[in-house]
Q: 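Once you've had a glance at the structure underneath, I'll fire off some questions.
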Amino acid sequence: MKGVGDSRGLARRLLTVGRVAGRRSEAGGARFVALLLATVVLVLGLGTLVAVHAVYTGQEERRVARTPVVERASQRTESSTVWLVGSDTLDGERRFSVVYLAPHRGDAPLPPGVDHWPAPGQAVLSPALREAGANEDIDHRYGELAGTIGSVGLDESSEWLAYVRPRDGLGARPPSALVSGFGPTAGQVATGLEPGSGRYDNKPEWMFEAVVAGMVVLPGLALLVVGVRIGAHARDRRTALVAALGGKRRDRALVAVGEAQLPALIGAALGAAVVATAMLRDLRIPHTGYALFSAYLREHGWGIALVPVVAFLVVLAAVVIADLAPRRGGGGTRPRSAARNTWMSRLAALCPVMMLVAIRGPDFAGPGSAWHMILGWAGTAGTMLTLPAAVATVTMATGRVLTRQGQTHGLAGTLVAGRRTSTHPGATARLVTGITVALIVLMQAIAWQDLFASQSTDARYTLNRIGRSAVSVGTRGTVTTADMTTFLRRLPDTEAVLLTPPTNNHNGPITLYGDCTALTALRLPCPPHGARADGVPEDPRLRELVRWTPHGALILDIRRTTRDTLARLAAASSENATFAVLRPDGNDLSVPALKKLSYEVFPRGARIGAPGEDQLTAGMPNQDQGRWSVLFGVFGIAVLAVTAGLSGVAEFLRHGRALAPLSVLTGGLRVFRTSAAWAVLAPLALAGLAGTAVAAALAAPINANGVSYITRELLWSVAGVVLVIGILMWMWAVTVSTRLGQAWRPRGD
């Protein structure tokens, strides 16, 4: 028993030795912060991976539970519901499901989350839809509000969903379906009839996990590697001393754990606090507007609870492995060859060439050529490899200028900074590599993500041109002439026109129907027996309406008609026709008011919006998911900037002890401020500014109609984050190195 007690006492003493040694080393503070932040980032990254899986799993379970079971034609059930899935939108938002339902036979089943049948002409809405559509009076759009959908019937608390019982009932014939129940317990669920569009709008789980792993977990591991290596020279000497005193690998591991356990423990506790908050209450994620459903996280509570423990153990394991790893022998005292600097200059010279290949190379290959994509990606990859060398070469050249300035004017700090910057370009390249590569990857990811939503570019152009001064009305299902007449008569201060495409393979003219007031409002003649106009229409509203109507040559066959005739033609028109309403004075129409009117008049309302706005809303999911790329990308760049800054601070402090006697010789501490500025701040600032500019230039060719997807706000954000972190790291390096310098100054100075 005495041996066991001695062993435990020795372990405690070794842990204490490691803790004290870490606190007293010159880069101990930098290593402490690096390990602490690395643990926090790993907890957040691993926790996000588990959370993504929990959310996707929980959403799918609830979606399956509310998916209808269709009544078989050969087996009539005692109870059934008529079911038809439609959609609607709020202004500038993605589409959401509007399900029309009505009891058909017996005790008609209701979907999960709806506890009673709404009366004819009533609707049940999700709480999030009511909140988001309050300014559009969504509570009364589909009729009288009959209640809200319970959480059990939603795939997440922020889902928009509406169940509507039509005022005039719902026919039990296609496209409607007869539903006998909901979920696997009721039978074989029917895919394609489920409410909600999240299953189709959201990216696959593995893609989201890959974004989190690449933009959060990997930067966290990079920060951990840097944190582990900070102060390695001093620990190598300590390890040699412990070995000389007879210490074994276990003893060295305990010393290493003692040095790292406190920052790792604090980091795990901070990360656990964030994770616990997300499990206890719904959190709205910044920039994305997404509300994280805490119930899904609680269902995976054990997995999430283990995340801080795993991160803590990973940090300690990395520290121990690095401390026990065999060291390579020193390089001797022979001066280093200039070959490295030569290769650095050659790589830097290739950087503008690679940029030119990435930006202009695809133009020479042609859009249909396989080389178009190959040249673009090859140039981008080459720029990633050569840009750090270019930054290092610029700082090396700047260092030579600083050296001459320091010698000429007797500036010790400038001279030291210049000598160090010009003789260690490799350190600068290592410092900025992660930041520049991350900036290029982020801009490429955002540009390609938005390009996938380019189907909405034309619709956005139309909306910017005419706003909602003219809107198209697309009725759902069959409507009668009486319904259309009622709709037109109840439109205040509004005119209507109908554009029908040519029937002979889109080669004939577009036929335009409207009364004299509508034709005059569109700057068209009002002949009693019709007329023909060719060329681009003068009125911008008519230009956009024609643009979204299938046609060949720009020829209009103008037909003057009455409102009653127009109502009959609009009720019988095909899906390719464009039925539009507009104000003669050119002001915008109230789309929410028109939608409400359509549900009062037509059996299932109408799709109402600017011409082509359906494509705009169809592209919203890609834009929403692009916000996640921005969020994780900026976070990852911030982590990499901190990583580079801490590495620069540690490297500066390692050599900064030699600068301490200069504070006595030069009579001041300004030498530390100048040296730290060029060793820490300048590389980070140059990497942030140059990396952002180069990344934006590489992403510029990825556009639709010449409009770049990289916004100024994004550029200033990422460059500002790197610059602010660089300033903070510079201030820290100055503070610590000044403390070292003050120890060399006589007391009383």
Side-chain angles (χ1 to χ4, degrees), residues 32-62 126-128 131-132 150-152 154-160 198 202 205 208-209 211-221 223-224 227 261-316 624-625 627-639 642 717 721 725:
F32 186 97
V33 172
L35 294 179
L36 188 154
L37 294 179
T39 310
V40 172
V41 174
L42 287 178
V43 172
L44 295 179
L46 297 176
T48 303
L49 291 176
V50 178
V52 169
H53 177 70
V55 169
Y56 271 80
T57 302
Q59 286 180 344
E60 187 60 24
E61 290 176 354
R62 295 203 179 192
S126 66
E131 180 182 356
S151 60
V152 69
L154 303 172
D155 64 7
E156 56 189 3
S157 61
S158 60
E159 184 183 19
W160 296 355
N202 295 342
E205 179 182 347
F208 209 124
E209 300 272 16
V211 172
V212 175
M215 297 185 176
V216 181
V217 178
L218 283 182
L221 292 175
L223 180 56
L224 175 59
Q261 65 179 357
L262 183 58
L265 185 61
I266 295 174
L270 293 175
V274 177
V275 172
T277 302
M279 293 180 66
L280 295 176
R281 53 175 296 184
D282 294 352
L283 294 180
R284 190 160 299 274
I285 309 300
H287 185 68
T288 65
Y290 178 78
L292 181 61
F293 200 17
S294 59
Y296 291 152
L297 303 189
R298 290 194 292 270
E299 292 174 3
H300 291 72
W302 282 109
I304 294 179
L306 288 175
V307 166
V309 179
V310 171
F312 176 76
L313 294 178
V314 166
V315 172
L316 292 187
D624 291 343
Q625 288 144 17
R627 296 191 185 101
W628 286 101
S629 298
V630 173
L631 175 67
F632 289 132
V634 173
F635 180 83
I637 287 172
V639 173
V642 171
S717 296
V721 165
I725 291 174

Q: What distance do E61 atom CD and E299 atom CD have between them, rounded to the nearest 0.5 Å?
A: 6.5 Å

Q: Distance from L37 atom CG to I266 atom CD1, nearest 0.5 Å?
A: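 So the CG of L37 and the CD1 of I266 are separated by 11.0 Å.
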
Q: Using the test ring-ring contact (aromatic ring centres under 6.0 Å, His included), find all partners of Y290 that sit at least two apart in sequence or belong to another chain.
A: W628

Q: Considering non-hydrogen atoms only, spot the tightest contact between G220 and V639 and give its length.
A: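 Taking G220 first and V639 second, the nearest heavy atoms are N-CG1, 4.2 Å.
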
Q: For A54 versus L297, what's the shortest heavy-atom pair and its separation?
A: CB-CD2, 4.2 Å

Q: Can you tell me how far the CZ atom of R281 sits from the CG atom of L292, to the nearest 0.5 Å?
A: 11.5 Å

Q: Check A34 against G227 and note the closest heavy-atom contact, atom names and distance.
A: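 Minimum heavy-atom contact is CB-CA, 3.6 Å.
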
Q: Is there a side-chain contact between Q625 and N202 in this structure, where contact means two heavy atoms from C-beta onward sitting under 4.5 Å apart?
A: yes

Q: As an exercise, state the distance from CZ of F208 to OG1 of T48, rounded to the nearest 0.5 Å.
A: 8.5 Å

Q: Measure the shortest side-chain to side-chain distance between L154 and P127 over non-hydrogen atoms and say whether it is less than 4.5 angstrom.
A: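 SC-SC contact between L154 and P127 confirmed.
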
Q: Show your working on side chain to side chain contact (heavy atoms under 4.5 Å, CB included) between L36 and L270 and close with a plain yes or no.
A: CA-CA 9 Å; L36 188 154; L270 293 175; 4.1 Å; yes

Q: Taking the side chain as C-beta and beyond, is there a heavy-atom pair between D155 and F293 under 4.5 Å?
A: no

Q: Quick one: side chain to side chain donor-acceptor pair (under 3.5 Å) partners of E131, sequence neighbours excluded?
A: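 Checked E131 against side chain to side chain donor-acceptor pair (under 3.5 Å); zero matches.
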
Q: Is there a side-chain contact between F32 and L262 in this structure, where contact means two heavy atoms from C-beta onward sitting under 4.5 Å apart?
A: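 In contact.
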
Q: Quick check: closest heavy atoms across L316 and A264, and the distance to 0.1 Å?
A: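 What the structure gives for the nearest pair is CD2-CB, 4.3 Å.
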
Q: Is the shortest heavy-atom distance from the side chain of V310 to the side chain of V307 under 4.5 Å?
A: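 Sidechains of V307 and V310: no contact.
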
Q: Ignoring hydrogens, what is the shortest heavy-atom contact between E205 and V52? Give both atom names and the distance.
A: CG-CG1, 4.2 Å

Q: Please enumerate all residues that pass side chain to side chain contact (heavy atoms under 4.5 Å, CB included) together with S151, with sequence neighbours excluded.
A: R62

Q: Does the pair L224 and V315 meet the rule for a side chain to side chain contact (heavy atoms under 4.5 Å, CB included), with working shown?
A: CA-CA 7 Å; L224 175 59; V315 172; 4.0 Å; yes

Q: One pair to check against side chain to side chain contact (heavy atoms under 4.5 Å, CB included): V314 and L46. What are the steps and the verdict?
A: CA-CA 11 Å; V314 166; L46 297 176; 5.6 Å; no

Q: Under a 4.5 Å cut-off applied to non-hydrogen side-chain atoms, are V275 and V43 in contact?
A: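 They are in contact (side-chain heavy atoms under 4.5 Å apart), so the answer is yes.
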
Q: Given T57 and Y296, is the side chain to side chain contact (heavy atoms under 4.5 Å, CB included) satisfied, shown in steps?
A: CA-CA 8 Å; T57 302; Y296 291 152; over 6 Å; no

Q: When you compare the side chains of R298 and S294, does any donor N or O come within less than 3.5 Å of an acceptor on the partner?
A: yes

Q: Identify the heavy atoms of A311 and T39 that sit nearest to each other, and give their distance.
A: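 That would be CB-O, 4.2 Å.
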
Q: We want to know whether E209 and H53 form a side-chain donor-acceptor pair, criterion being a heavy-atom distance below 3.5 angstrom.
A: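 No, no side-chain donor-acceptor contact under 3.5 Å.
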
